[in-house]
There are 2 protein chains.
Amino acid sequence: MSVGIRHDDLRRRNRAMVIGAVRRAGQPSRTEIAATTGLSHSTISAISADLIGEGILTEGKPNEAGSLKRGRPQVGLGLNPEAAAVMTVVLSLNFLSVAVIDYAGQVVAEEQRRLDTLTMSREALIGECTAIVRRRLEDPDLDVSSVARIALAIQGITDTEARTMLWSPITPRTDIAFADILEAEFGIPATMENDCNMMAVALRWRAPERYRDDFIAILLSHGIGMGLVLKGELFTGTHSSGGEFGHMIHRPGGALCRCGRRGCVEAYAGNYAIWRNARQLGEDTEPVADVSDAQMRALAATAREKDGPEREAYRKAGEALGYGLGSLFALIDPAPVAMVGVSAAAFDLIEPALREAIAQTAGGQHSKSISFDTEPNELPLIREGCAMRALTFVDQEIFAPGGQARSGKNVA
Amino acid sequence: MSVGIRHDDLRRRNRAMVIGAVRRAGQPSRTEIAATTGLSHSTISAISADLIGEGILTEGKPNEAGSLKRGRPQVGLGLNPEAAAVMTVVLSLNFLSVAVIDYAGQVVAEEQRRLDTLTMSREALIGECTAIVRRRLEDPDLDVSSVARIALAIQGITDTEARTMLWSPITPRTDIAFADILEAEFGIPATMENDCNMMAVALRWRAPERYRDDFIAILLSHGIGMGLVLKGELFTGTHSSGGEFGHMIHRPGGALCRCGRRGCVEAYAGNYAIWRNARQLGEDTEPVADVSDAQMRALAATAREKDGPEREAYRKAGEALGYGLGSLFALIDPAPVAMVGVSAAAFDLIEPALREAIAQTAGGQHSKSISFDTEPNELPLIREGCAMRALTFVDQEIFAPGGQARSGKNVA
DNA sequence: AGTATTTTTTCGAGGCCCGAAAAAATGGGG
DNA sequence: CCCCATTTTTTCGGGCCTCGAAAAAATACT
């Protein structure tokens, strides 16, 4: 089972701890780091000296916020932006976007492209992805060798190893091993992530006071996706990225879902489902391929204006989401929820039915206290999550003693 | 966040590793332990010498299975049964059972008692539990000081800290801090566990080749419970023991559940629900308090005999369980399932509808490959799980250097 | 300018794990 | 019957790592 701790792992782990503390805290002093990690001052001093020598950390200028305290001023430690860089690739419906991010987390370059993902061949899709990455890598402003990792995100299902897209609504092609492909092409470690999981990762960095150990991010878009953090860990399935909240069954044998099955939550709350209900097309109507954000906003506007099929469509969406959340809460207990995506902008139309439904479920007793945030724009969140995921991977690799670590020692 | 590894933790963790390896393997040699833990022979040698000196491990007799190998024969290391003892207390409907288990996992004493849990006062219920524990502790054959831990299990919901019973179907009383009560009474560390979680723990020890990293244990009894192991870890909710599979919503607004809500899986698949449907009482009929195992077996026999309401009741149960499992699989991906409890003996009646329902869900594509085991008797499983849980806790405590560890050093 | 205060570094001590070699324990073969 | 090959276990020296205490550094207050 789990493996013993070798003596040499100790330093590596504690280096990881220090880097992690710096990434989370921003510009902590050595004393602060000692406090948060529980290690002694001497250890922190030694490790940070190494890390500075290796160019991973940098000493900030003496605290600019005029030190009002008495003694020797703390010197903040920060991540050296030039220590490494990562790339994020977000592949969504008809849209491909790439960004280069420095080690401190700042975007240094980006590129976006429209394409017709639904009809593209497998090769074309892969080709577009590698081409856009190549263009960024060829940017003369970028030191290619510093790019330490690539993180891709895609709507749909990925495997637990974060290497392969198993299935995605944005393309009929399946089982594309994007991570392997990019690694083979560029020799840079890559991972293939699920978009909603990245949303959750981003929320955690954006608002750790609200989203820390246990929370749910739900994407209300064409499909319904979920990213789940439980006990401080990103939750994934046993084989796939899992958390297919949208395909929990709301009504056995119910409305036709895009996945071909019936009664999924998505078949009531996805854009196409709301659209279908608003147009009173009947639950067996084949889901349309895409409803534009503008169309959805118009629908929401109509629903707010008058009590008609549009309003009823949002009510049904709320009900499905509410019962789904209720079932989820039965399994994991209630937790804060962030609603993300275009329909999050219509959450006012969804919320009443949603709360009413939750009240009918095991999560119901806490119904009042469950809070919802909304964030209509999922793309920035996904990109941010990818960036943090890639960067924390780098954190976990760079600190391994060996290579640079040795030269650091020699300098000292 | 996570805390740095202090130098002194190293030894403690590696001792834990060694004890764990011995508990899992039975009578492993030092060489085997070195292989499974990844630690060096010298380290294992040193640690096991300490542990033997402290009376935690014992050297077995030279391998009785006539060593056919050439060199120096391996000496097996085993747990010293006298190193400690634990108690398990299982509280179920109208039944209280206690066992004393030695450090090697053998039952050394037990006691069982019928009582009327549904009508007892809070004080009486607590009193019965402390009384039965006291009687066992007063057993002259038992060295009281060796009892290192007590694990209670109860049907129902407990808190994540494993200290309090929050709610249970076996009594109208709620929020009883059993762990605190027993600790205060006897000065022995105690935990309050959920019965289905203990079933899962036991299955893991009984059949690790089948139930290891990811599996589901479902209790089909008066209520429907679940124990879930994901990625090798027992899954719990954020606040409570969680995993309330029985109260996922199968049909919004559907059959009346014992919990007062409508449409829960349990309202179709619990004993009372099967009974209600078999008697054609209507879905709004108040759930009866208890259906005896004999009654359920009679029901199953009738269902096997002729196609009537009894068979239909089991079909409905299968359907509810199938859709519930399908929704669960959407979240965590499919995993092996063990069906436990009296209705597991009627699984032949349940399985067809269950499989048909699963096929309608996101887990459907794997429908064929999902395997079910059945185990009609939940009590031994729960007791076994409690015992292993308590023992592994002891494993995690005894190895902390200090106290005995010192004397061990002096001897050496 | 001197002192109090706080942060950071230095230094010696103690522990832990590892690899290599030695010791122990046994079966096989001449 | 003795010696050697083989495998397991222990011993030993070396190298790291972390820790606590004390020293050094850097600033505010008086």
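Chain A is the first sequence line, chain B the second, and so forth, proteins listed ahead of strands; every chain is numbered from 1. These numbers were taken from a predicted model, which means no experiment stands behind them.
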Problem set entry | Base of dG20(D) paired with side chain of Ser40(A) (donor-acceptor, under 3.5 Å) | no
For this session: Would you kindly give the CD1-to-P distance between Ile44(B) and dT9(D), to the nearest whole Å?
Result: 11 Å
For this session: Report the residue (His7(A) or Gly38(A)) whose heavy-atom-nearest nucleotide on DNA chain D is the more 5′ of the two.
Result: His7(A)
Problem set entry | Residues Arg15(A) and Glu54(A) bridged, charged N to O under 4.0 Å | yes
For this session: Starting from C1' on dC17(D), measure out to CE on Met17(A) and report it in whole angstrom.
Result: 14 Å
Exercise. Taking NZ, NE, NH1 and NH2 as the nitrogens, is one of them in Glu384(A) or Arg204(A) under 4.0 Å from a carboxylate oxygen of the other?
Worked result: no
Exercise. Given dC12(D), is OP1 or OP2 found less than 4.0 Å from the side-chain N or O atoms of Ser42(B)?
Worked result: no
Problem set entry | Spacing of His41(A) atom NE2 relative to dA23(D) atom C1', expressed in whole Å | 15 Å
Exercise. Does any N or O in the side chain of Thr236(A) come within less than 3.5 Å of the main-chain N or O of Ser241(A), such that one atom is a donor and the other an acceptor?
Worked result: no
Problem set entry | N/O (side chain, Thr43(A)) to phosphate O (OP1/OP2, dC19(D)) under 4.0 Å | yes
For this session: Establish, with yes or no, whether the OP1 or OP2 oxygen of dT6(D) is under 4.0 angstrom from a side-chain nitrogen or oxygen of Arg72(B).
Result: no
Seminar exercise, completed: Ile47(A) CD1 to dT8(C) P, in whole Å, measures 15 Å
Exercise. When you measure from the side chain of Asp214(B) to the backbone N and O of Leu230(B), does any donor-acceptor pair fall under 3.5 Å?
Worked result: no
Exercise. Between dT9(D) and Ser45(B), is there an OP1 or OP2 to side-chain N/O distance shorter than 4.0 Å?
Worked result: no
Exercise. Closer than 4.0 Å, any side-chain N/O of Arg11(B) to the OP1 or OP2 of dG15(C)?
Worked result: no
Exercise. So, is Arg30(A) close to the dT9(C) phosphate, meaning a side-chain N or O under 4.0 Å from OP1 or OP2?
Worked result: yes
Exercise. OP1 or OP2 of dT18(D) less than 4.0 angstrom from a side-chain nitrogen or oxygen of Asn14(A), does that happen here?
Worked result: yes
Exercise. Could you state the CG-P distance from Leu51(A) to dT9(C), rounded to the nearest angstrom?
Worked result: 12 Å
Problem set entry | Within-4.5 Å side-chain heavy-atom neighbours: Ile332(A) and Leu228(A) | yes
Problem set entry | Whole-Å gap separating P (dT10(D)) and CG (Asp50(B)) | 11 Å
Close N/O contacts between protein and nucleotides 1-4 of chain C (under 3.5 Å):
residue	atom	partner	partner atom	Å
dA4(C)	N3	Arg70(A)	NH1	3.3

Problem set entry | Atom pair distance, as rounded to whole Å: CG in Asp9(B) and P in dC17(D) | 17 Å
Seminar exercise, completed: Interatomic distance, CD@Glu161(B) vs OG1@Thr191(B), rounded to 0.5 Å, equals 12.5 Å
Problem set entry | Backbone of Ala177(A) reached by a side-chain donor or acceptor of Thr164(A) within 3.5 Å | no
Exercise. Roughly how many Å is it from CG in Leu77(B) to C1' in dT10(D), rounded to a whole number?
Worked result: 14 Å
Exercise. DNA chain C: Arg6(A) or Ala46(A), which has the more 5' nearest nucleotide?
Worked result: Ala46(A)
For this session: Check whether any side-chain N or O of Asn80(B) sits under 3.5 Å from a backbone N or O of Gly55(B) as a donor-acceptor pair, and report yes or no.
Result: yes
